[in-house]
Amino acid sequence: MQSLSPPSPIKSLIRSRPRVTRVIPNKLVLQCIYRSDSVSFPNGVGANRADWQSTCAILASKVLAQQQPTDKSSSGGGGDANGGADHVAAVNGHKTSVDLNLVPIEKTTPNSNNNSSIKPHKPQKPLTITDLCPAPMHGAQLRVAYQGVPGAYSEAAAGKAYPNCEAIPCDQFEVAFQAVELWIADRAVLPVENSLGGSIHRNYDLLLRHRLHIVGEVQLPVHHCLLALPGVRKEYVNRVISHPQALAQCELTLTKLGLQAAREAVDDTAGAAEYIAANNLRDTAAIASARAAELYGMQVLADGIQDDSSNVTRFVMLAREPIIPRTDRPFKTSIVFAHDKGTSVLFKVLSAFAFRNISLTKIESRPHRNRPIRLVDDANVGTAKHFEYMFYVDFEASMAEVRAQNALAEVQEFTSFLRVLGSYPMDMTPWCPSRAEDDDDDKNAF
Ligand SMILES: O=C(O)C(=O)C[C@]1(C(=O)O)C=C[C@@H](O)C=C1
């Protein structure tokens, strides 16, 4: 996969040095002086958060020019206690009976031979400085930050987690974290793993750098489409752009389709569609949702192009405060730890769960940025080195359960750092593949 700089409308705006901030229509973007090395660890993850937060100025434009009428009786989202999971239907741009209160689709009447009929998504009024006031009055509607532009899977996940929420598009994952920290949003919904592409490492790293709490999870079947401008045939396509995860999830199918096209990574799937439409690119296709096709006036060249019809992405919901763990329904707990010196430490940590019959659902390791290398020899003599890692573990128990508390007390004995990222209800939605009838005919429907 070729990974080039993202096209300018969806370019990353967070830099290590101050920059002039551009306002991207429909997205929350921010200018930030954020030196990652200023965040101390382990005793002070986020210790300098106030410092760097105060250097951040948020220029936002959230927008929603034509708000869909909302059912006030059910506004306020699905709540964290059940993760909203009970209300959920398949989304991903396919019609559902659930009003997700997403950005309304602007009706266009694309003429397949007339490019001028393609209306790019209408830019909407940017936020002004007064919008930056913390804790603005926002009524009962929950504001949920997600990364991407309208039509992104993350927006669908926000709607699944909190039906009737106000979904706030953000330029970057980091912006979504900060939007919650600065009270611009009440929640963030962020992808952490996909059944085909694996972990979204960036969000694991950000969970550690920020002080937000995981308050829920949702699993979203992800149904990808290949989109191009109306009238474009697959023979004209010499470039396919999308989010790296989406490109990875469709890699085999793209090859099977015989596309002689370079793959390029951009910030999000819907942003790729928006970019093609805005720049009238007739040689480029995007991998995105059917909803993105509608929003940006694109045609669906192929439907269901994910390499596996059971393609699913797991998202976590983040809040400033943790929820109170309960025992009346299945809960999951996420922790992160750094292990101490010694032998078989990881084995000992994991056995603390095994001996209590607590199932682990996920284990992930990420480089320990503050202590990346440890010399094997105590006297720091010699050349042998260990790479140091942070371990993220999800286990099926609530922190309200004694066995979970005991397991963590034991884990603490073997670790130099331990943090509970959250204890939250498991998404128990019955499994429903993104589209059971996916088959090769479908995929070849050019
Ligand atoms: O680009 C999007 O639409 C996203 O919401 C991001 C994202 C991801 O980060 O994994 C979410 C779900 C899909 O797995 C593909 C992309």
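First listed ligand is number 1; within each ligand, the first listed atom is number 1.
For Gly148, the heavy-atom gap to ligand 1 stays at 4.0 angstrom or more. Not a single heavy atom of Glu155 sits closer than 4.0 Å to an atom of ligand 1.
With salt bridges taken as basic N to acidic carboxylate O contacts below 4.0 Å, one links Glu364 and Lys362.
At the top of the distance list for atom 11 (C) of ligand 1, counting protein heavy atoms only, stands Phe315 CZ, 3.9 Å. In terms of protein heavy-atom proximity, atom 13 (C) of ligand 1 is closest to Thr313 OG1, 3.6 Å. The protein non-hydrogen atom at the shortest distance from atom 8 (C) of ligand 1 is His243 CE1, 3.6 Å. Of all protein heavy atoms, the one closest to atom 1 (O) of ligand 1 is Thr269 N, 2.8 Å.
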- request: Might you work through the salt bridge (charged side-chain N to carboxylate O under 4.0 Å, His left out) test for Glu174 and Arg202, ending with a clear yes or no?
  value: CA-CA 9 Å; Glu174 171 108 49; Arg202 177 80 184 135; 3.3 Å; yes

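Residue contacts with ligand 1, taken as heavy atom pairs separated by less than 4.0 Å, involve Ala152 via backbone and side-chain atoms alike. With a heavy-atom cut-off of 4.0 Å, Leu220 does not touch ligand 1 at all.
The shortest N or O to N or O distance between Gln249 and ligand 1 is under 3.5 Å. The shortest N or O to N or O distance between Tyr153 and ligand 1 is below 3.5 Å.
The contact set between ligand 1 and Gln245, taken as ligand atoms under 4.0 Å from a residue heavy atom, comprises 10 (O). Close contacts between ligand 1 and Ile200 involve ligand atoms 10 (O) [criterion: under 4.0 Å to a heavy atom]. Each of the following atoms of ligand 1 lies closer than 4.0 Å to a heavy atom of Asn194: 14 (O).
Contact of the Leu301 side chain with the Gln299 side chain is registered, since non-hydrogen atoms from C-beta on lie closer than 4.5 Å. Taking 4.5 Å as the limit, some side-chain heavy atom of Arg320 sits within range of a side-chain heavy atom of Asp186.
Judged by distance alone, the side chains of Tyr153 and His224 do bring a donor and an acceptor atom under 3.5 Å apart.
Checking side-chain atoms of Arg419 against main-chain N and O of Leu208 turns up a donor-acceptor pair under 3.5 Å.
With sequence neighbours excluded, no residue forms a side chain to side chain contact (heavy atoms under 4.5 Å, CB included) with Ile324.
When the shell of 6.0 Å around CD of Gln260 is examined, it contains 12 or fewer heavy atoms from other residues, nucleotides or ligands.
Nearest-heavy-atom check against atom 4 (C) of ligand 1 across Ala157, Ser154, Gly198 picks out Ser154.
Among all heavy-atom pairs drawn from Val237 and Thr284, the shortest one is CG1-C, 4.5 Å.
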